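Shown next, in structure tokens, is the structure this report addresses.
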Amino acid sequence: MEGVLPINQVVSEVEQQEYIINMGPQHPSTHGVLRFLLSLKGEVVQYVQPHCGYIHRGIEKMTEKITYPQIIHLTDRLDYLSAHMNNEAVSLCVENALQIEVPERVKYIRTIMAELSRLASHQLWWAAFGMDLGALTTFFYGLRDREYILDIFEQTTGSRLTQSYNCPGGLMNDIHPDFQKKVKEFIKNFRKVLPEYNQLLTGNVIFHERTKGIGLLSKEDAISFGVTGPSGRGSGFSCDLRKSHPYSAYDKVDFKEILYTEGDTFARYQVRMDEMLESMNIIEQLIDNIPEGDYALKMKAIIKLPEGEYYQRVESARGEFGVHIISDGNKNPYRVKFRSPNFSNLSAIDSMARGFKIADLVAISGSLDLVIPDLDK
Amino acid sequence: MPFDIYDLSTFTHWIDTSLRAGMSPFWAVFTEFVLVGVVFLAFYAVVGLFLVYAERRICAFMQCRLGPNRVGPGGIFQTIADLIKLLFKELIYIKNADKILFNIAPFIVIIASFLALAAIPFGKGLQAMDFNIGIFYVVAVSSIGVIGILLAGWSSNSKYSLIGALRSGAQIISYELSVGLSLIVIVILAGTMQLSEIVEMQRDGWFIFTGHLPAVIAFIIFMIASTAEINRGPFDLAEAESELTAGFHTEYSGIKFAFFFLAEYMNMFIVASIAATVFWGGWMPLHIGSWEGFNHAMDFIPPFIWYLGKTAVIIYLIMLFKWTFPRLRIDQLLTLEWKYLLPVNLFNVLLMAFIVLKGWHF
Amino acid sequence: MEITGAQIMFYIFAAVILVFSVLTVTSRKILRAATYLLFVLIATAGIYFMLKYEFLAAVQLTLYAGGIVVLIIFSILLTSHISEKFEPISKMKTIASFLASAAGAILVSSVFIQYKFVATTKEALNVDMEIIGKSLLSYEREGFVLPFEVISILLLAAMVGAIVIAKKSDDKIINEDKIK
Amino acid sequence: MNNEELKQKISAIESDLVFEDKQYLTITVEPEKFKGLALKLRNDKDLSFDYMFNITGVDYGDLLGVCYFITSTQFSHIIELKVKAKSRENAEIETVCDIWKTAEFQEREIYDLLGIKFINHPDLRRIFLEEDWVGYPLRKDYVDEVNIVER
């Protein structure tokens, strides 16, 4: 629209134009390098086009050149907030293919670690979600409590974020002697802090106004889009693999699958808040009963999977994480596919955000809890 | 009257007469202008720096962290260091921006807050201009600031800025109504718009106590509406960093950004001082009925301390809002104003008029 | 003749008003024109302040600077893009408007020159709340209720007119529905 | 339903299917019949495969194929559908994104990385790589001398 335009022509052009905004790749509320292309009418979102791939690293291609134990370290870099679950998925997949059974102790520790990761992930999500809605204080509360878990991780695994603690056949090393004590301390402390979270955010009137009835996702759509994890369970989609396809020690513990049927942002929020309680329940049931034994099986130096296809589903903090390994009998896989929960969750955002405002889009994408490296792979 | 020991009008009169004795009237007035200007500039800078520091410490206190604590004792020089950094930062010029408007916008915002500062009584006799329509003047002048924001948003030629500016425009135009009406409630009670007289009338009791329920309602509405008018959280939609990155000042850098930043804090100060003056008696000490001893003791605290203390409490309240609540959405913001605050306000005006007519106030 | 401070201020304000009035009508960018108009209005308010006519000055600031200019800018933000410019004014138009304004200037100044200004000796009326309130609500001499009502009807008519002009024509709406 | 029952039920629906008993019941289907079978699997009351939890595009060397993992949220039986495109250069498979919406993004990913075209896909663009990227990285014969270091 350079140059001179008569006024009436200007008006008609403005009427016809779509008002398009690029939200991202550098934007505070996409939590990484994701780009939403929005078409707006006033403040109302007409459609959303997610553009991803800004940190596509070709992890699936890389796995074809490396051995199975090495894949573990790449899966950390997918969803870095549920690194432990991703590791577990690959380990379980390889173990199933080799048809070996890991010791009970390993199963228990894996489950505890996975639940701790889930707690840490949900804490970070809570922190960031509050910030998306403009309540900046939540960020520091969430991160403060997450620090305890990271300390526990650091003590046992030597790493705070990308733990690489699981490996085919067991664990990389045994738990730290203080592990049980520290975990119990953390849970005692966090049970006290969680009501504080609720006071700060959950009960707030503005928060209710901002989240209730926003970003509706029906159960049918959730299933069809494959929206899993807390986001799917907020729509009443019973997709908790810990319950339906138990792995590790989940068949030995008693816990509820959190389901909310409203399908709005608030329901997804509630699912995660309740899941934190459930995770603590699970850890409490296991932490005192970790059986004695080896922390890993003796594995061959070079792992070769028999020819065939293997699939493993695991419930990560954001939903169903899947590993599909196609082996041709060599020491490196023929093809590995990671089913990342964020990728499917993201695909629903257009149908969820249409007709809502920009501010709602931020709330919706926050409630989906997207981790960009996971969906970009 | 004991608190007249702190009456500064004799001091200012003495300056005036001694200046006039020494030079022609023109130069005397000119010197006074310059003096007042310099004092206000210095005050502006000091208050701005202090408020930024206070905001950081309060925010840190709310968020379980320390806040600035390295530069100087307790980090008090942190804001000065920031200022130096902002001064040295590159001023980025945007291609295809409307350069004139882009450069004018920060000045309009900051001049509006300067103008409002002129009418505020800091103590007895310590007021740059004592208009007989003081409140009206403050409301009028503060309504100019929004133009700076609108210009900034439009002239940056950025879509985020434009949305921020539009939001801010809608917001400020709406909330000006509530600010004005809640002040009118007190004007009805006081019968004057002159700020010095309003303060003087609260000698025996602040309006928030003597004005019964309507004054309390007016105060609450004023706090909500003025927080919205100065674009602070939870009403900071114009710059909503999680949605619009920084809203209307997305494209500003260096000292021009600092102007917006400073103006925001000064507006907060002005709003807080108006609230303190109109509802909490300005520089008037706290007097309770017939407690003579207590009242005497209170009188010995200088008025400037009273004034600053009240202002600080209200600023602290506004800061607490920001660091506690999530942000509203634009439609909710307008709903709050037009469907709740405005009707309540109109009713409140009637109620106050009724009370004043019946003479039920103290 | 010694120049007083008040005179200097007046000349500054007058110069601001003159310069920015001319800029307002000559600027080819619509938002700049609106901003220049803002400066004109503020300078006018400054002259009112000089005359110790604070109430009118404040009204000028709220209504014109803070109200009408904001609305003008607001509507510009909604409708126009930053790269838009008006067409340069044609020579004929320039000449015609120059002649018209010259004629207006002659008319006004001739009236002013003929009128004998008498300096009033009365003290400036201190406009306090009571006077403002009473004259606003009085319908007698010096009361403002009647003119106020007349103006409000005028404004209503203007608003209805604006809506009628701005409304989309009916057939267009129907067409749009068909498309959807 | 266990794998045997599933096998009977599905072979009653569609003929010429190859069944394999692996981790999940694996059904290989011709590309022409695939869309029809998928639709029937989704809509059959006793099967109701309503949730597709994974799609994997595979380069089999001579041909390109896609594995669809579908399950039923109601009966929680799982099958894997395998489709191999007819030719490698012009690999085409009918889209299923109107049956399972999640397929829209997943198919874009496969198109991006393996170059399988999905017929009737509403928005078949590259999703991770740039629009002007040459080649399909997940193919076994993909060569990129700049970015892939062979050891």
Side-chain angles (χ1 to χ4, degrees), chain A residues 49-58 60-62 64-65 93 96-97 219-228 232 237-239 241 244-245 308-313 319-326 328 334-341 343-351 375-377, chain D residues 20 22-24 26 42 48-61 65-67 69-74 76 78 80 82 97-110 112-114 123 125-130 133 136-140 142 144 147-151:
Chain A
Q49 257 185 31
H51 285 233
C52 27
Y54 286 92
I55 42 171
H56 176 66
R57 294 147 296 178
E60 286 176 4
K61 182 77 177 173
M62 276 192 259
E64 292 173 9
K65 301 279 174 195
C93 196
N96 284 350
K219 188 182 173 185
E220 290 71 37
D221 271 356
I223 295 171
S224 181
F225 276 116
V227 177
T228 49
F237 174 23
S238 163
C239 53
L241 295 168
S244 56
H245 297 83
E309 285 184 43
Y310 310 97
Y311 193 87
Q312 178 64 43
R313 306 163 80 185
E320 178 178 337
F321 183 81
V323 184
H324 185 203
I325 298 180
I326 300 175
D328 54 358
Y334 183 76
R335 166 93 168 97
V336 175
K337 155 88 186 183
F338 297 113
R339 190 264 188 213
S340 56
F343 194 59
S344 308
N345 290 4
L346 177 74
S347 64
I349 200 162
D350 182 34
S351 67
L375 64 89
D376 275 355
K377 290 197 267 266
Chain D
E20 284 170 280
K22 294 192 181 170
Q23 188 183 1
Y24 308 123
T26 308
R42 166 74 179 80
S48 97
F49 284 101
D50 51 357
Y51 169 35
M52 169 177 283
F53 61 88
N54 186 30
I55 307 180
T56 311
V58 189
D59 180 2
Y60 289 107
V66 182
C67 309
F69 291 79
I70 50 177
T71 179
S72 161
T73 50
Q74 205 178 337
S76 66
I78 303 174
E80 181 187 339
K82 259 190 190 177
C97 66
D98 46 346
I99 306 173
W100 298 283
K101 287 179 192 161
T102 182
E104 185 177 337
F105 268 43
Q106 308 271 3
E107 285 175 351
R108 274 179 71 187
E109 184 192 339
I110 293 168
D112 189 0
L113 301 176
L114 276 157
D123 184 25
R125 289 176 292 128
R126 283 189 182 268
I127 192 163
F128 291 147
L129 306 177
E130 283 152 38
W133 191 276
Y136 302 101
L138 271 185
R139 285 195 185 181
K140 291 286 174 187
Y142 177 74
D144 184 348
N147 296 315
I148 296 182
V149 183
E150 293 281 349
R151 261 179 248 165

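Residue numbers start from 1 in every chain, and the chains themselves are labelled A, B, ... in the order their sequence lines are given, proteins ahead of strands. In what follows, every heavy atom counts, from backbone to side chain, and hydrogens, waters and symmetry copies are set aside. Note that the coordinates shown come from a computational prediction; the quantities given were computed from them, not determined experimentally.
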>> Quick check for you: among Asp59(D), Ile99(D), Leu129(D), Thr26(D), which has the greatest number of heavy-atom pairs under 4.5 Å with chain A?
In response: Asp59(D)
>> Given heavy-atom pairs under 4.5 angstrom as the criterion, report whether the side chain, backbone, both or neither of Ile70(D) touches chain A.
In response: neither
> OG/Ser340(A) to CD/Glu109(D) distance, rounded to the nearest 0.5 angstrom?
Replying inline: 7.0 Å
>> So His324(A) and Phe69(D), do their side chains get closer than 4.5 Å, heavy atoms only?
In response: yes
> Any side-chain heavy atom of Tyr334(A) sitting closer than 4.5 Å to one from Lys140(D)?
Replying inline: yes
> In terms of heavy-atom pairs under 4.5 Å with chain D, which of Glu60(A), Arg339(A), His51(A) leads?
Replying inline: Arg339(A)
> Which atoms of Ser351(A) come close to chain D, meaning under 4.5 Å heavy atom to heavy atom: side chain ones, backbone ones, both, or neither?
Replying inline: neither
>> Let's go through Phe53(D) and Leu241(A) carefully: what are the C-alpha distance in whole Å and the side-chain angles of both, what is the deciding distance for side chain to side chain contact (heavy atoms under 4.5 Å, CB included) to 0.1 Å, and is it a yes or a no?
In response: CA-CA 12 Å; Phe53(D) 61 88; Leu241(A) 295 168; over 6 Å; no
>> Counting only non-hydrogen atoms closer than 4.5 Å, does Glu320(A) touch chain D with its backbone (N, CA, C, O), its side chain (CB onward), both, or neither?
In response: side chain
> What is the distance from atom CZ of Phe321(A) to atom CG of Asn54(D), rounded to the nearest 0.5 Å?
Replying inline: 10.5 Å
> Contact part of Ile326(A) toward chain D, heavy-atom cut-off under 4.5 Å: side chain, backbone, both or neither?
Replying inline: side chain
> For the residue pair Phe128(D) and His56(A), does the interplanar ring angle fall in the parallel (under 30°), tilted (30 to 60°) or perpendicular (over 60°) class?
Replying inline: parallel
> Side chain, backbone, both or neither: which part of Thr56(D) has a heavy atom under 4.5 Å from chain A?
Replying inline: both
> Is any side-chain heavy atom of Ile78(D) closer than 4.5 Å to a side-chain heavy atom of His245(A)?
Replying inline: yes
> Between Lys101(D) and Ser224(A), which heavy-atom pair has the shortest distance, and what is it?
Replying inline: N-OG, 2.9 Å
> Got Thr73(D) and Ser238(A) here, is their nearest side-chain heavy-atom distance under 4.5 Å?
Replying inline: no
> Taking all atoms of both residues into account, what is the closest heavy-atom pair of Val58(D) and Arg335(A), and its distance?
Replying inline: CA-NE, 4.2 Å
> Checking Arg125(D) against chain A: side chain, backbone, both or neither under 4.5 Å from a heavy atom?
Replying inline: side chain
>> Is the shortest side-chain heavy-atom distance between Leu138(D) and Glu64(A) below 4.5 Å?
In response: yes
> With only heavy atoms counted, which part of Ile55(A) is less than 4.5 Å from chain D, the side chain, the backbone, both or neither?
Replying inline: neither
> Which region of Cys67(D), side chain (C-beta onward) or backbone (N, CA, C, O), has a non-hydrogen atom less than 4.5 Å from a non-hydrogen atom of chain A, or is it both or neither?
Replying inline: side chain
>> Restricting to non-hydrogen atoms, name the atom on Arg139(D) and the atom on Lys61(A) that form the minimum distance, rounded to 0.1 Å.
In response: O-NZ, 3.2 Å
> Tyr51(D) and Gly226(A): which non-hydrogen atoms are nearest, and at how many Å?
Replying inline: CE1-CA, 3.7 Å
> Side chain, backbone, both or neither: which part of Gln106(D) has an atom under 4.5 Å from a heavy atom of chain A?
Replying inline: both
> Counting only N and O atoms by type, is there a donor-acceptor contact under 3.5 Å from the side chain of Lys337(A) to the main-chain atoms of Gly57(D)?
Replying inline: no
